[in-house]
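For reference, the structure is listed below as C-alpha cells.
Labels below follow one simple rule: chain letters A, B, ... track the order of the sequence lines, proteins then strands, and each chain is numbered from 1.
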There are 2 protein chains.
Amino acid sequence: MTGYGQFCAIARAHEVLGGRWTLLIVRELLMGSRRFNDIRRGIPRISRTVLSERLQDLVHVGAVTRLEGAHGPEYDLTPAGHELFEIIAALGKWGQRWLSRLAAQEDIDLDPLIHDMARRVEMKRLPTEPMVIRFALDRQPLRFLLLKSGEVSACGENPGFPEALAVRGKLSGLAAWWRGDCDFAAAKRAGLRLEGTKAAIRAFPTWFQLYLLAGIKPAPSR
Amino acid sequence: MTGYGQFCAIARAHEVLGGRWTLLIVRELLMGSRRFNDIRRGIPRISRTVLSERLQDLVHVGAVTRLEGAHGPEYDLTPAGHELFEIIAALGKWGQRWLSRLAAQEDIDLDPLIHDMARRVEMKRLPTEPMVIRFALDRQPLRFLLLKSGEVSACGENPGFPEALAVRGKLSGLAAWWRGDCDFAAAKRAGLRLEGTKAAIRAFPTWFQLYLLAGIKPAPSR
DNA sequence: CAGGATCCGATTAGATACTG
DNA sequence: CAGTATCTAATCGGATCCTG
C-alpha cells in the first residue's frame with residue numbers, strides 16, 4: 001500500500017516526510033550542508049541512490065530547492081523546509097529526554113560525530129597555531145581534524161600540520177560527552193583517552209561547543 | 001541495514017518512532033483510543049499484524065503501557081508517550097500549512113473521518129431527540145452516525161432511530177470542510193450534498209467542532 | 001475481541017558499474 | 001563531484017488461518 005488514506009494533516013505530513021533518512025537529510029540542511037557529498041558525510045550510511053531519490057522527493061514536496069551553483073548543484077531549504085525545524089527539534093528533544101543514553105550505543109560511526117564537531121568549533125578559544133587532532137578510536141577509520149584560524153576540516157590523512165593531540169579508546173565515551181550525557185572526566189573513565197601535551201589535553205574540551213541538544217537533559221528517572 | 005549509526009538524538013528518536021504507522025497509532029492514543037480495535041477504526045488501512053507489532057514496539061521503547069482491563073487489553077500512553085504530542089503537533093502544523101489542501105485528495109477513507117467527527121460532536125448544540133445521520137458518499141461504505149444525548153457512535157447500519165439527515169456526494173468536499181480548507185457552502189459547491197429537513201441541513205455544520213487542526217491555515221501563497 | 005503463526009508478493013535498499 | 005541505471009538481496013506488509 002502506498003498512502004495512509006487519511007484526511008488528517010498529521011498523516012499527510014508523515015506520508016511525505018516519514019520515509020527512512022528523509023528527516024536526517026533535512027537535519028543536515030538545517031545544519032548548513034549544501035552539497036551532495038557534504039550531506040553524505042553527515043549521514044555516511046545512506047547510499048547515493050537513496051540520497052538522490054530523497055532529495056528529489058523533498059524538492060517535489062516543496063521543502064528543498066536545487067540550484068546549479070558555480071561548483072556544482074547546491075541544495076537549500078525553502079521557507080517550508082525551514083519550518084521543518086520544529087519537527088526536528090521536537091524529535092531531538094524527545095530523544096534526549098527519553099532514550100536511554102547510557103545504553104551500549106556501540107553501533108555508531110565516527111564520521112557524523114567529527115562532522116558535527118567540526119561545525120561547532122569555538123574559534124576564539126583555539127591556539128593561534130594551526131594544528132591537527134588525530135582520532136584513532138575503536139574500529140573506526142582513522143580521521144584527522146584540522147584546526148586553523150578560520151578553517152576547520154576533517155579528513156582521512158594528516159594534511160600536514162603538527163599533531164597536537166590524539167584521541168583514542170572508546171568512541172562511545174566521546175559520543176556520551178558530546179551528547180551531554182557526562183562530563184569529560186566520566187568519558188575518560190568510560191574508556192576515552194587523550195594523548196598529547198598536558199596543556200592540549202586540558203584545553204581540548206573547551207575548544208568546542210557541545211552538540212546542539214546537549215543542554216536537554218534526560219527526564220527524571222523512571 | 002537497521003540503524004542509522006548516529007549519536008544524534010534526532011536520528012535515534014527517528015529510529016524508534018519513524019516506522020510506518022507508528023506515529024499515527026500514537027495520535028490515536030492521544031485522541032483517547034484505548035482498545036485495539038478502537039485504534040483500528042481510526043487507522044483502517046493498518047493490518048492487525050502490523051498494529052500488534054507496532055504496539056509491542058511502543059511498549060518496548062517505553063511510550064505505551066499495556067494493561068489487562070476488565071474487557072480485554074487496554075493501551076495507554078506513559079509520560080514519555082504523552083510528550084510525543086509535541087512531535088505530532090509539529091507534524092500536523094506543518095502539514096496544514098504546507099501541503100496542498102485542494103489537491104485531488106481522492107484516496108481517503110470515510111471511516112477515520114467519521115471516527116474523528118464522532119469524537120468532536122458539540123453535545124449542547126444537538127436537538128434533544130436522538131437521531132441518525134446517514135453517510136452515503138462516493139464509493140465509500142455506508143455509515144451511520146448515531147447522535148443522542150451523552151452517546152455518539154458510528155456503525156454500519158442504522159441502529160434504529162429516525163434518520164434526520166443524509167450526507168451524499170463527494171467525500172473530498174466533506175474532508176475539505178472538516179480540515180478547515182473551506183466553509184460548508186464551498187464544500188457543497190465541490191460536490192457534497194445534504195438531504196433532509198431544512199432545519200437539519202442548516203444546523204448540521206454547527207453540531208461539530210471541526211478537526212482539531214482546522215484553525216491552522218495554509219502558509220501565504222507561494 | 002485480540003491477537004499469534006505462516007506464507008507469499010510487493011517494495012526498498014545496497015552494491016556495482018557507468019556517465020558527464 | 002554528482003549523480004543514473006541495473007541487478008539482486010533483504011525487508012516489509014497483507015491475506016489467511018488459527019487460538020483462547
Side-chain angles (χ1 to χ4, degrees), chain A residues 1-6 11 14-25 28-29 33-60 64-76 107 109 111 115 153-156, chain B residues 1-6 11 14-25 28-29 33-60 64-76 107 109 111 115 153-156:
Chain A
M1 180 200 321
T2 179
Y4 291 123
Q6 304 233 342
H14 198 261
E15 268 178 38
V16 303
L17 301 172
R20 201 162 156 68
W21 306 111
T22 305
L23 286 181
L24 294 192
I25 296 166
E28 286 303 304
L29 292 169
S33 292
R34 292 288 166 269
R35 306 293 305 273
F36 190 88
N37 283 333
D38 201 21
I39 296 170
R40 287 198 73 203
R41 267 176 228 107
I43 319 177
R45 296 197 188 183
I46 197 173
S47 72
R48 277 175 299 181
T49 312
V50 172
L51 176 54
S52 175
E53 284 172 11
R54 292 291 189 271
L55 283 169
Q56 288 178 42
D57 294 345
L58 284 167
V59 169
H60 187 250
V64 166
T65 55
R66 181 198 145 119
L67 293 171
E68 278 298 334
H71 307 289
E74 293 190 9
Y75 298 91
D76 204 350
D107 181 34
D109 299 329
D111 279 336
H115 195 237
S153 61
C155 40
Chain B
M1 181 199 321
T2 179
Y4 291 123
Q6 305 233 342
H14 198 261
E15 268 179 37
V16 303
L17 301 172
R20 201 161 154 70
W21 305 111
T22 306
L23 285 180
L24 294 192
I25 295 166
E28 286 302 304
L29 291 168
S33 292
R34 291 290 167 266
R35 305 294 306 275
F36 189 89
N37 283 332
D38 201 20
I39 296 170
R40 287 199 73 203
R41 272 185 272 285
I43 319 176
R45 296 197 189 184
I46 197 174
S47 75
R48 279 173 299 183
T49 310
V50 172
L51 176 53
S52 175
E53 284 171 9
R54 292 292 188 270
L55 283 168
Q56 288 177 43
D57 294 345
L58 284 167
V59 169
H60 187 250
V64 166
T65 56
R66 180 197 146 119
L67 294 171
E68 279 298 334
H71 308 289
E74 293 190 8
Y75 299 91
D76 204 351
D107 182 33
D109 299 329
D111 280 336
H115 196 238
S153 62
C155 40

Can you check the A:E15 CD to C:dT11 C1' distance for me, whole Å? 16 Å
Taking all non-hydrogen atoms of both residues into account, name the closest pair between A:L17 and A:T22 and its distance. O-CB, 3.5 Å
Within this structure, what is the CZ-to-C1' distance between B:R20 and D:dT11, rounded to whole angstrom? 14 Å
Specify the closest pair of heavy atoms between A:H115 and A:E28, including all atoms of both residues, with the distance to one decimal. CE1-OE1, 3.3 Å
Ranking C:dT6, C:dA2, D:dA2 by distance to the side chain of B:T49, first place goes to C:dT6
Do the side chains of A:R66 and A:E74 get nearer than 4.5 Å, heavy atoms only? no
Round to a whole Å and report the spacing from CZ of A:R48 to P of C:dC18. 13 Å
Considering just the side-chain nitrogens and oxygens of B:R66, establish if one lies under 4.0 Å of OP1 or OP2 belonging to C:dG3. yes
Note: B:R40 and B:I46 closest approach over all heavy atoms is NH2-O, 3.2 Å
In whole angstrom, what separates B:I46's CD1 from D:dG13's P? 9 Å
A:S33 and A:Y75, any side-chain heavy atoms less than 4.5 Å apart: no
Let me know the distance between CG of B:N37 and C1' of C:dC1, rounded to the nearest Å. 6 Å
Separation of D:dG14 P from B:W21 CH2 (nearest whole Å): 6 Å
Which pair of non-hydrogen atoms, one from B:R34 and one from B:L29, has the smallest distance, and what is that distance? NH1-O, 3.3 Å
Quick one: is C:dA2 close enough that its OP1 or OP2 comes under 4.0 Å of any side-chain N or O from B:R35? yes
It should be established whether B:Y75 places a side-chain nitrogen or oxygen under 4.0 Å from OP1 or OP2 of nucleotide C:dG3. yes
To the nearest Å, give me how far apart CD1 (A:I39) and P (D:dA2) are. 9 Å
Single hit among B:D109, B:D107, B:D111, B:I43 for side chain to side chain contact (heavy atoms under 4.5 Å, CB included) with A:Q6: B:I43
Mind running a 4.0 Å heavy-atom check of residues 50-58 of chain A against DNA chain C and sending the residues that fall below it, in number order? A:V50, A:R54
Taking atom C1' of D:dG13 as reference, at what distance in whole Å does atom CZ of B:R40 sit? 13 Å
